[in-house]
Trainee: 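Encoded as C-alpha cells, here's the structure I'll be asking about.
Below, chains carry the letters A, B, ... as their sequence lines are ordered, and counting in each starts from 1.
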Amino acid sequence: MEDMGGASVQAHQALAADAQPPPGARGLIPDGRHLLDEDTFTENFRSDNRPPRTYLCYEVERPDRGSGVPLDQDKGILRNKSAPGPEVPCHAESRLLEQIQSWDLGPKLHYRVTCFLSWSPCTDCAQDMAQFLKESSHVSLSLFASRLYTRGHYDEGLRTLKRAGASMAIMTSREFEHCWTAFEHHKGNPFQPWPGLAMESGKFSEKLQRIPRLEQPGAGRPCWAGSVGASPEWFRAKAGRRWGLGGGGLGGLRSRGGGGFPKAKPLRRMEPWRHRPRDPMGWISPETFFFHFPSLRYAFGRNSCYLCFQVEREGKGHSSYDWGVFQNKVYFEAPYHAEFCFLSWFCDQDLSPDEHYHVTWFLSWSPCPTCAEEVVRFLREYRNVTLSIFTARLYYFWRPDFQDGLYRLWSAGVHLDVMSFEDYEYCWDTFVDHNGMRFRSRDLLRDNDFLATELESILRTTMNPLQQEIFFYQFGNQPRAPKPYHRRKTYLCYQLKPHDGSVTAKACLQNKKKRHAEIRFIDSIMALKLEKDRRFEITCYVTWSPCPTCAKELVAFARKHSHISLRLFASRLYFHWLQENKQGLKQLHASGIPVAVMSSLEFEDCWREFVDNQGKPFQPWNKLEQYSKNITRRLRKILKQPPQNDLENEFRNLHL
DNA sequence: ATTTTCAAT
Ligand SMILES: [Zn+2]
C-alpha cells in the first residue's frame with residue numbers, strides 16, 4: 001500500500017492476482033474509484049449467496065480534513081487476495097489494517113472506521129484487528145457483516161474483537177441501502193431489498209448474539225454515520241422455530257485449521273438453513289428441552305417429538321460436521337414423524353459413497369415401528385452411514401410391536417440407548433438456546449433408571465426373530481434336553497390376526513421379572529386394546545405347556561375377551577404328572593382354548609414365522625414326529641380325549 | 001400410577 005494507488009487500484013490488483021475476471025472487466029467500475037458494479041455488489045453482499053471471497057467497504061470519519069488520511073482513501077473497497085501464485089494470501093481485513101497503518105494519523109485525534117463486510121472476519125483477522133485496536137486507542141471500529149463466517153473458532157475471534165472495543169452487527173436493509181448508495185455504481189437506481197433479506201439478516205443476527213459472552217453490558221448496535229441510532233430491524237423468528245446456520249461446529253467437533261484461505265464456501269454442502277418445510281430448525285428453547293426431554297414413565301402431554309441430530313462426515317482428508325433439530329410435522333395435511341423428516345432431509349444432501357457418515361440422534365420419544373422399519377431400510381441402502389440413537393423416553397414401550405421395532409433397530413446395528421446424564425448435558429450444550437446458562441439436570445433424569453432397565457430388557461427378551469440355535473434347543477421336543485445341557489425355558493411365540501385379515505402382531509416372549517411368558521402375553525394383547533366388536537384369532541406356540549396359574553389366567557382372559565379366540569400348541573408338557581397341571585390343561589380346554597402338541601407342521605410354521613431362518617427351510621430333528629406322537633398320547637390321556645381322530649387334524653389345518 | 005402416546009397407533 002506504499003504506492004499511491006488507492007483502494008480501487010488495490011482491488012484491481014487483487015482481481016489480477018485472482019486470475020479470475022480480467023482486471024477491470026468486472027467488479028470495480030474502472031473510472032469510479034470507490035464503486036462496485038451492481039452485479040458484484042449483489043453477488044457478494046446478498047446474504048443468500050455464499051461466494052468464496054470477501055469484499056470490504058470502509059469509510060473513515062476524521063475529525064478534520066487533512067488529518068493524515070489521504071483524500072482519496074477516506075472511503076474504499078477492498079477484497080481478499082487469494083494466492084495461486086507466490087504471493088502470500090491476504091484477507092481484506094488485513095489489507096485494511098495495512099492501509100490504516102500507512103496513514104499518518106494524529107495520535108491526539110479520533111478516527112472512526114466503519115466497515116461493511118460481505119463475510120464477517122475469520123478468527124485470525126478478528127484477532128489481528130483486536131490487536132490493532134488495542135494499540136490504536138485513537139481509532140474506533142464498527143463492523144457490519146452481511147454474513148457470519150463461521151469456520152473454525154470464529155466465535156472466539158469475534159469475542160476478542162468485541163472485547164477490544166469494536167462494535168459489530170449484521171447488515172440489515174438499512175446498511176445494505178447505505179452501501180448501495182455509498183459504494184455501488186447504481187446509476188441512480190434505488191436500492192431494492194431482495195426477498196428474504198430480513199430473514200437471512202435476522203438469522204445471522206441471532207447467531208451472532210448467541211456467541212457466549214459476546215455482548216457487553218450496555219453495548220448496543222454500532223452506528224455508522226447517518227444511522228441516527230434508528231432501531232435496527234431485528235428479525236425475530238417465530239417462537240421455537242429457528243433454523244440451523246451451518247458451519248462452525250460444536251464442542252469437541254469444531255473443524256480445525258481456522259483461517260483457511262480463501263474464505264471459501266463452508267465445507268459442508270449440507271445446508272439445513274435453506275428453509276423448506278421439512279428442513280430442520282436450529283436451537284430449541286430451554287422450556288422446550290425441559291418439557292420434552294425429561295425421562296418420564298408417564299409423559300402426559302408430550303404430543304410431539306423432537307429429534308436433535310448431528311452428522312459427522314468423514315471423507316478423504318477432510319471431515320465436517322452438521323447439526324440441527326427436527327420436530328414431527330404435518331406437511332400437506334400428512335403427518336411426518338421427526339425420524340422421517342430427518343431421513344428425507346438427509347437423503348436430499350449431497351452424499352458421497354466414498355465418505356462415511358456417523359449420525360447421532362437425541363430423541364424425546366423412541367421410534368415407532370414404522371419409523372424403525374424405515375430406518376432399517378435406510379441403513380441397508382446407505383452402507384456408509386452408521387447411526388446412534390439416544391432416546392429420552394420409550395414410546396409405547398409396553399406394546400409388543402413397539403418393542404419389536406426397537407429390537408429391529410438394534411439388530412440392524414443401530415447403537416440404541418436411553419439418554420444418560422452426559423447425553424443430557426451434551427444436548428443442552430449443543431442444541432439448546434441456553435444463552436450461556438449452565439446445564440442443570442433438574443427433573444430430566446427422573447425415570448431414567450426405569451427406562452434404561454426397560455430398554456435393556458426389551459432388547460434382551462424381545463427376541464424377534466428367534467436365533468436358530470435357541471429355537472432348536474428350546475423348542476426341541478426330545479424327552480431329555482440334549483447335551484450340552486441348558487435349561488429349557490418357556491418361550492411363547494404368538495401371532496395375532498383379525499378373523500378376516502392377515503397377521504397384525506407377533507412376538508416371542510420369555511419369562512421376565514417373575515412374570516411368566518403367558519402373563520406377559522396377556523399384557524401384550526391387552527395393551528393392543530383390540531376393538532371389542534371385531535373377532536380376532538391368536539395362535540401361540542409354547543415350549544412348555546402352561547403352569548396351573550397361567551392356565552387360570554388364560555382362562556380368565558378368554559372369558560373376558562370372547563371376541564378373541566385363542567389356540568395353544570405346546571412342544572412339551574410341563575410337569576404333566578402333577579394333578580394341578582393336568583387340571584390346568586383341562587380347564588383351558590373346557591373354556592374354549594384348545595391345547596395341542598406341536599407336530600412338524602407347527603414346528604415348521606414356528607420356524608417360518610419366528611425364527612431368523614435366513615431363508616432356509618425347516619430341518620426337522622431326529623425322531624421329531626415320534627416324540628410329538630408320544631407327547632400327544634399323553635395329553636389325550638390328560639384331557640380324556642379319544643385317540644387321534646379326524647377332528648384334530650381339521651383343527652390343525654384350520655389356522656395354518 | 002394400569003396408564004403415559006410424533007394429537008387420527
Ligand atoms: Zn415414527
Trainee: Show me, pair by pair, the donor-acceptor contacts under 3.5 angstrom made by side chains of residues 585-597 of chain A, not counting sequence neighbours?
Mentor:
| unit_1 | atom_1 | unit_2 | atom_2 | d |
| --- | --- | --- | --- | --- |
| A/His589 | NE2 | A/Val595 | N | 3.3 |
| A/His589 | NE2 | A/Val595 | O | 3.3 |
| A/Ser591 | OG | A/Gln587 | O | 2.5 |

Trainee: Please report the distance separating the C1' of B/dC6 from the corresponding atom of B/dT2, rounded so that it comes out in whole Å.
Mentor: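 Their C1' atoms lie roughly 23 Å apart.
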Trainee: Any salt bridge (Lys or Arg N to Asp or Glu O under 4.0 Å) involving residues 356-380 of chain A? Give me the pairs, sequence neighbours left out, ordered by first then second residue.
Mentor: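 For residues 356-380 of chain A, and leaving out neighbouring residues, the salt bridge (Lys or Arg N to Asp or Glu O under 4.0 Å) pairs sorted by first residue read A/Glu374-A/Arg377.
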Trainee: So what does A/Arg399 touch, heavy atoms closer than 4.0 Å: a base, only the sugar-phosphate, or nothing?
Mentor: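 Base contact.
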Trainee: For A/Pro369, which residues count as a side chain to side chain contact (heavy atoms under 4.5 Å, CB included) partner, sequence neighbours excluded?
Mentor: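 For A/Pro369, the residues satisfying side chain to side chain contact (heavy atoms under 4.5 Å, CB included) (neighbours in sequence not counted) are A/Asp401, A/Phe402.
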Trainee: Once side-chain hydrogen bond (donor to acceptor under 3.5 Å, both in side chains) is applied, do any residues pair with A/Arg446, and if so which ones, sequence neighbours excluded?
Mentor: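 So A/Arg446 forms a side-chain hydrogen bond (donor to acceptor under 3.5 Å, both in side chains) with A/Asp443.
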Trainee: Without decimals, in angstroms, what is the distance between A/Tyr336 OH and B/dA8 P?
Mentor: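 Rounded to the whole Å, the gap is 16 Å.
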Trainee: Could you work out, with ring pair (Phe, Tyr, Trp, His ring centres under 6.0 Å) as the rule, every residue matching A/Phe378, not counting sequence neighbours?
Mentor: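 Partners of A/Phe378 by the ring pair (Phe, Tyr, Trp, His ring centres under 6.0 Å) criterion, ordered by chain and then number, come out as A/Phe346, A/Tyr382.
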Trainee: B/dC6 base to A/Gln327 side chain: any donor-acceptor pair below 3.5 Å?
Mentor: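 There is none.
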Trainee: Could you check whether the rings of A/Phe618 and A/Phe471 sit parallel, tilted or perpendicular, using 30° and 60° as the cut-offs?
Mentor: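 The arrangement is perpendicular - the two ring planes meet at more than 60°.
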Trainee: Nearest whole angstrom, please: distance from the P of B/dT4 to the CD of A/Glu454.
Mentor: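 Distance check: A/Glu454 CD to B/dT4 P gives 17 Å.
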Trainee: Across the strands shown, which category fits A/Pro367 at heavy-atom distances under 4.0 angstrom: base, sugar-phosphate, nothing?
Mentor: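 If one applies the 4.0 Å heavy-atom cut-off, A/Pro367 turns out to touch a base.
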Trainee: Using the closest heavy atom to pick a nucleotide of DNA chain B for each, name whichever of A/Gly301 or A/Thr370 lands nearer the 5' end.
Mentor: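 First, find each residue's nearest nucleotide; the 5'-ward one identifies A/Gly301.
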Trainee: Quick one: label A/Ser364 by what it contacts on the DNA or RNA (base, sugar-phosphate, nothing), any heavy atom closer than 4.0 Å.
Mentor: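 A/Ser364: no heavy atom of the nucleic acid under 4.0 Å.
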Trainee: Does A/Asn328 make a side-chain N or O approach to OP1 or OP2 of B/dA7 shorter than 4.0 Å?
Mentor: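 Indeed, a polar side-chain atom of A/Asn328 lies that close.
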Trainee: Taking N or O atoms only and anything under 3.5 Å, show me the protein contacts with nucleotides 1-3 of chain B, one pair per line.
Mentor:
| unit_1 | atom_1 | unit_2 | atom_2 | d |
| --- | --- | --- | --- | --- |
| B/dT3 | O2 | A/Tyr298 | OH | 3.4 |

Trainee: How far, in whole Å, is B/dT4 from B/dA8 if one measures between their P atoms?
Mentor: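 The answer is 13 Å between these two P atoms.
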Trainee: Indicate, with a heavy-atom threshold strictly under 4.0 Å, whether A/Cys368 touches base, sugar-phosphate, or nothing.
Mentor: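 The answer is base, as A/Cys368 lies within the cut-off (heavy atoms under 4.0 Å) of a base atom.
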